[in-house]
2 protein chains.
Amino acid sequence: MALSQAILASLAMAGPCSGYDLVKRFDEYISCYWSASHQQVYKELRELEKKGWISPETIAQTGRPNKIVYSITETGKQQLAIWAVLPSDPTPIREPLMIKLKTGGLAPLEPLLAELQRRHQLHQTNLDRLKHFETEVFPQPENPTPADRLHHLTLRRGIRYETEWVEWCEEAIQCVKELIAQSG
Amino acid sequence: MALSQAILASLAMAGPCSGYDLVKRFDEYISCYWSASHQQVYKELRELEKKGWISPETIAQTGRPNKIVYSITETGKQQLAIWAVLPSDPTPIREPLMIKLKTGGLAPLEPLLAELQRRHQLHQTNLDRLKHFETEVFPQPENPTPADRLHHLTLRRGIRYETEWVEWCEEAIQCVKELIAQSG
DNA sequence: TTTGACTATTCAAATTGTTGCATATAAGAT
DNA sequence: ATCTTATATGCAACAATTTGAATAGTCAAA
């Protein structure tokens, strides 16, 4: 499964960190291309450690719980590189919202419109966040390294994805408003 | 789970059909917003039947296996309508290809470029197929019904999604080609 | 002064999805 | 003659994800 590679990639490219901080990375940056809950992350870290692909170091802290900082090992890097050149098919799409649209007509349209407006706002917020990352958090330097440029591509994908959603929501809201006006 | 609603929606809006034909619907149209394997579909059909949300009718055929044609029941329609007005959060994103980009630099870039080109072609093919549906298979009539327009919105989403992928692939291919040229 | 938010990690059950196999029949191609 | 493709359905093992709970300390605000 690719969760392990997402973790390995983060440890390799953004540096060693604890499970807790890794979960934060997932919430903040990684979620635009890979989602994972904290339960998944902690479980996977234990398995990666068992395999010897990452190595733990317990950091004693005062005033808060100790934490375990993980680094990727040489074996881990090799395994990640092997995986990185394998082909991967497009991820299957599963969008409950589209099913809801399809059923439209069986149920009243007003709640659907409200839902589309809520989604519009959600995706707009996400888009703003990603654009902020692009310009403020990870601005491309004058002479970007290959890693900088590849990382930027993943951010571009997130921005395109959310842009597409925002635009589609606007199209859909317009359409459903017209349908409500016609029927009312 | 939304698989059951995807099935109910198809039976309600596109008419009764067998498990086998439902799988074909998933492969052809539905996959642009919901994916499912035949194992999932057949299993779910049996569970929906047990709940009384769909009803089976065995059709005897000569020269090929008998088939079981399912229709949505009144209860099924009611349950679908109840579900359709519930809110649903954006689907979590999981794109292994982006992880591969992130790791770029640990592995050689040429296989990554080949993979991006393969994905470009895949998404282009998919886009062409969806555009064909839009113009040829489900052309919007002069006076579309609400169901026609809502169905069209789901197709629009698919077209936008694949368009975005094709464009991103082109951006990524350009970028990786430059990186290879620099390093070579 | 207790309520809520943040740090830090773990366990377990239930649901959902993937992979591989299995069974028939029939039509058409090599 | 055999091979592939299409019709039509099902089982079972496994992997991945979600949901819900639990522990345990610190800090700041109401």
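Note on naming: letters A, B, ... go to the chains in the order of the sequence lines (proteins, then strands), and numbering restarts at 1 for each one.
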Practice item. Figure out the NE2/C1' separation between H38(A) and dT7(C), and round it to whole Å. Key: 12 Å
Revision key, fill the gap. To the nearest angstrom, the NZ-C1' distance between K50(A) and dT10(C) comes to 14 Å
Check your understanding: Would one find a side-chain N or O of R94(A) under 4.0 angstrom from OP1 or OP2 of dT16(C)?
Key -> no
Point to revise | Pair R129(B) + E162(B): basic N to acidic O under 4.0 Å | key: no
Point to revise | Rounded distance in Å - CD (Q39(B)) to C1' (dA22(C)) | key: 11 Å
Review point. Of all of residues 11-27 of chain B, which get a heavy atom below 4.0 angstrom from DNA chain D, listed by number?
Key: S18(B), G19(B), Y20(B), K24(B)
Review point. Between dG17(C) atom C1' and I7(B) atom CD1, what is the distance in whole Å?
Key: 13 Å
Review point. Taking the six-membered ring for Trp, are F138(A) and H151(A) parallel (under 30°), tilted (30 to 60°) or perpendicular (over 60°)?
Key: perpendicular
**Study point:** Value in whole Å for how far the P atom of dA14(C) lies from NZ of K43(A)
**Key:** 16 Å
Point to revise | Non-hydrogen side-chain atoms of P56(B) and Y70(B) separated by less than 4.5 Å | key: yes
Review point. Does R157(B) come within less than 4.0 Å of E164(A), counting only side-chain N to carboxylate O?
Key: yes
Exercise for review: State plainly whether the residues E134(A) and K131(A) are in salt-bridge range, i.e. N to O under 4.0 Å.
Suggested key: no
Check your understanding: Going by heavy atoms in the side chains, are F26(A) and V41(A) under 4.5 Å from each other?
Key -> yes
Exercise for review: Quickly work out the L45(A) CG to dA8(C) C1' distance and round it to whole Å.
Suggested key: 12 Å
Review point. DNA chain D: R46(B) or L3(A), which has the more 5' nearest nucleotide?
Key: R46(B)
Check your understanding: dT19(C) C1' sits how many Å from D89(A) CG, rounded?
Key -> 15 Å
Review point. In whole Å, what is the span from the CD1 atom of I59(A) to the C1' atom of dT9(C)?
Key: 16 Å
Review point. Can you list the steps and then say if K43(A) with E47(A) is a salt bridge (Lys or Arg N to Asp or Glu O under 4.0 Å)?
Key: CA-CA 7 Å; K43(A) 190 163 178 271; E47(A) 277 158 37; 3.7 Å; yes
Check your understanding: Nearest nucleotide by nearest heavy atom, which residue falls closer to the 5' end of DNA chain D, K67(B) or W34(A)?
Key -> K67(B)
Review point. When you check the side-chain N and O atoms of H152(A) and R156(A), is any donor under 3.5 Å from an acceptor?
Key: no
Practice item. Kindly say if Q40(B) contacts the phosphate of dT18(C), meaning a side-chain N or O under 4.0 Å from OP1 or OP2. Key: yes
Review point. Do the charged groups of E115(B) and R118(B) touch, with an N to O distance under 4.0 Å?
Key: yes
Review point. Hey, where on DNA chain D does chain B first and last touch, going 5' to 3'? Cut-off is any atom under 4.0 Å from a heavy atom.
Key: dA6(D) to dT18(D)
